[in-house]
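Data first, discussion second: the structure below is written as structure tokens.
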Amino acid sequence: MNQYVLLTGGAGYIGSHTALCLVRAGYNVISFDNYSNSSPEALKRVEQLSGKKIITITGDIRDQAALTAVFSQYSISAVVHFAGLKAVGESTELPLHYYDNNVAGTVTLCRVMRHFNVKKLVFSSSATVYGDAKEVPIKETSARSATNPYGQSKLMIELILEDLVKAEPDWSIALLRYFNPVGADSSGQIGEDPNGIPNNLMPFISQVAVGKREQLSVFGNDYPTPDGTGVRDYIHVVDLALGHLKALEYLEQHKGIEAINLGTGVGYSVLDMVNAFSTTNQVAVPYKISARRPGDIASCYAEPSKAKTLLGWQTEKTLEDMVRDTWRWQSQNPNGYQS
Ligand code: NAD
Ligand code: WQD
């Protein structure tokens, strides 16, 4: 019988790039997504790009019966769990919705996995679990904290999964702590397609460049950083996708739970990103300096050596790759998957 890897949230930004990476590596992939923040078109394009079939199931991870039906029908060897809500601002307005979707959804997923004795799980965690870290670069052993319900939900899930492994040591779990994913597949066919006004820097820059927004607001230029604007560890989504493939391979051989940073180890400022985008793509990105965004931190970048040691993974893409691939996707699909 064919073995499958189940991707919850497989139609999303990181899920669709990971689906492409996995099918190209020979995995059979099932996506389970409620499309609350994505389009079925993304995985159609992954099928076109790869020439491989992806089984797509519409469903919600909080729906135990729907998940049970999938595990009953297919032989699933591992789960990569992307499904979750991720807008920090919205999470402060709708905390119950975020805890229900992200935390309760994950508990339901794990319950069903356990029932079917599927105990390999890659979880989409986030550098947000480090809160306002005391030191950069940030190691996996750095203290965890959260400043908003979204971040709390990721931290709670990490704690729940740690307790699960303590109780049942035959699980194999990777907590992948992503830094700031950007970019798109080099085909320009799949990419990040946020609903409404983008919260994140890169989609905002690219929507300004394509003429959908007038100008970028740079949130603060008085941080203790080289140019005063916030510094982050931007990671190309194709490198990130490959990290999931490596994590699945690792879980084949290892039991227990590991938290692993997925970042480049290099920080770039907001103005670095604006300049790289306009220079590489020869397109104007008008901006103004505005007030700091509440809750933002000055500087956040990874100490990425654990991923190299454990998974044999490190990033390969450059800043130019990130901004060029973002622009190819945005300029070819000015209205995302509606284009
Ligand atoms: P995304 O919104 O593009 O993808 C998430 C997918 O999950 C979407 O397709 C959405 O429809 C689906 N989904 C949400 N709730 C669901 C539910 N209850 N049942 C089934 N499907 C559901 O986001 P992304 O950027 O691809 O992020 C993937 C994961 O990585 C998320 O868990 C996110 O929190 C985490 N993460 C993202 C970033 C980032 O900046 N993009 C950084 C760190 C961590
Ligand atoms: C990056 C930098 C902003 C928009 C968020 C989540 C985090 C993780 C990734 C999921 C900051 C500046 C931004 C704009 C700006 N997601 N900026 N103008 O805040 O590092 O992280 O996404 O886990 O949890 O908090 O990413 O892209 O929003 O901001 O000046 O219009 O760009 O101040 O310095 P952030 P971001």
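Whatever order the structure lists ligands and atoms in, that order sets their numbers, starting from 1.
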message: We want to know whether Ser75 and Gln3 form a side-chain donor-acceptor pair, criterion being a heavy-atom distance below 3.5 angstrom.
response: yes
field: Donor-acceptor contact below 3.5 Å, side chain Asp239 vs main chain Lys317
entry: yes
query: Going by the order shown, which atoms of ligand 1 are within less than 4.0 Å of some heavy atom of Gly84?
result: 5 (C), 7 (O), 13 (N), 14 (C), 15 (N)
field: Any Ala42 heavy atom less than 4.0 Å from ligand 1
entry: no
- prompt: Where is the nearest protein heavy atom to atom 37 (C) of ligand 1: which residue, which atom, and how far?
  reply: Ile14 CD1, 3.8 Å
message: Is it true that, when you exclude Lys52 itself, more than 12 heavy atoms of the residues, nucleotides or ligands shown sit nearer than 6.0 Å to its NZ?
response: yes
message: Between His254 and Ser172, is there a side-chain donor-acceptor contact under 3.5 Å, judged purely by atom types and distance?
response: no
message: Distance alone, cut at 3.5 Å: any donor-acceptor contact between the side chains of Trp327 and Gln330?
response: no
task: Mark the output for Thr8 as yes if a heavy-atom distance to ligand 1 is under 4.0 Å, and as no if none is.
output: no
- request: Go through the side-chain N and O atoms of Asp325 and Ser186 and say whether any donor and acceptor fall under 3.5 Å apart.
  value: no
query: Should the proximity of Ala127 to ligand 1, defined as any heavy atom under 4.0 Å, be assigned to the side chain, the backbone, both, or neither?
result: neither
- prompt: If you measure from atom 21 (N) of ligand 1 to every heavy atom of Val182, Asn34, Val88, Asn37, which option wins on shortest distance?
  reply: Asn34
statement: Closest to atom 30 (O) of ligand 1 by heavy-atom distance, out of Tyr35, Tyr178, Phe179, is Tyr178
Selection from Phe123, Phe82, Tyr150 by shortest heavy-atom distance to atom 34 (O) of ligand 1: Tyr150
task: Taking atom types as modelled, find out whether Asn261 and Tyr130 have a side-chain donor-acceptor pair closer than 3.5 angstrom.
output: yes
- request: Check the side chains of Ser124 and Tyr178 for a donor-acceptor pair under 3.5 angstrom, ignoring hydrogens and angles.
  value: yes
- prompt: Between the side chains of Ser269 and Asp227, is a donor N or O closer than 3.5 angstrom to an acceptor N or O?
  reply: yes
field: Distance-only N or O hit between ligand 1 and Gly12, under 3.5 Å
entry: yes
query: Which residue supplies the protein heavy atom nearest to atom 40 (O) of ligand 1, what is that atom called, and how far is it?
result: Pro181 CD, 3.4 Å
Show me a pair-per-line table, with atom names and distances to 0.1 Å, of protein N or O atoms that are under 3.5 Å from an N or O of ligand 2.
unit_1	atom_1	unit_2	atom_2	d
ligand 2	18 (N)	Ser217	O	2.7
ligand 2	19 (O)	Arg293	NH2	2.9
ligand 2	20 (O)	Asn180	ND2	3.0
ligand 2	20 (O)	Arg232	NE	2.5
ligand 2	22 (O)	Asn200	ND2	3.0
ligand 2	23 (O)	Ser126	OG	2.7
ligand 2	23 (O)	Tyr150	OH	2.5
ligand 2	26 (O)	Asn180	ND2	3.1
ligand 2	27 (O)	Asn200	ND2	3.3
ligand 2	27 (O)	Leu201	N	2.8
ligand 2	28 (O)	Asn199	O	3.4
ligand 2	28 (O)	Asn200	ND2	3.2
ligand 2	28 (O)	Arg293	NH1	3.4
ligand 2	28 (O)	Arg293	NH2	2.8
ligand 2	29 (O)	Arg293	NH2	3.4
ligand 2	30 (O)	Ser217	O	3.4
ligand 2	30 (O)	Phe219	N	2.9
ligand 2	33 (O)	Asp296	OD2	2.5

message: Check contact between Glu192 and ligand 1, using heavy atoms of the residue and a distance below 4.0 angstrom.
response: no
- request: Assess the side chains of Thr315 and His236: does a donor N or O sit below 3.5 Å from an acceptor N or O?
  value: no
field: Heteroatom distance test (Leu85, ligand 1): nitrogen or oxygen, under 3.5 angstrom
entry: no
field: Heavy atom of Gly105, distance to ligand 1 below 4.0 Å
entry: no
query: Okay, side chain of Asp233, backbone of Phe179: is any donor-acceptor separation there less than 3.5 Å?
result: no
- prompt: Of all the non-hydrogen atoms in the protein, which one sits nearest to atom 25 (O) of ligand 1, and at what distance?
  reply: Lys86 NZ, 2.8 Å
field: Pair Glu303-Ser305, side-chain donor/acceptor within less than 3.5 Å
entry: yes
field: 4.0 Å heavy-atom contact, Gly59 with ligand 1
entry: yes
- request: Please check if any side-chain donor atom of Asn333 sits under 3.5 Å from a side-chain acceptor atom of Arg328, or the reverse.
  value: no
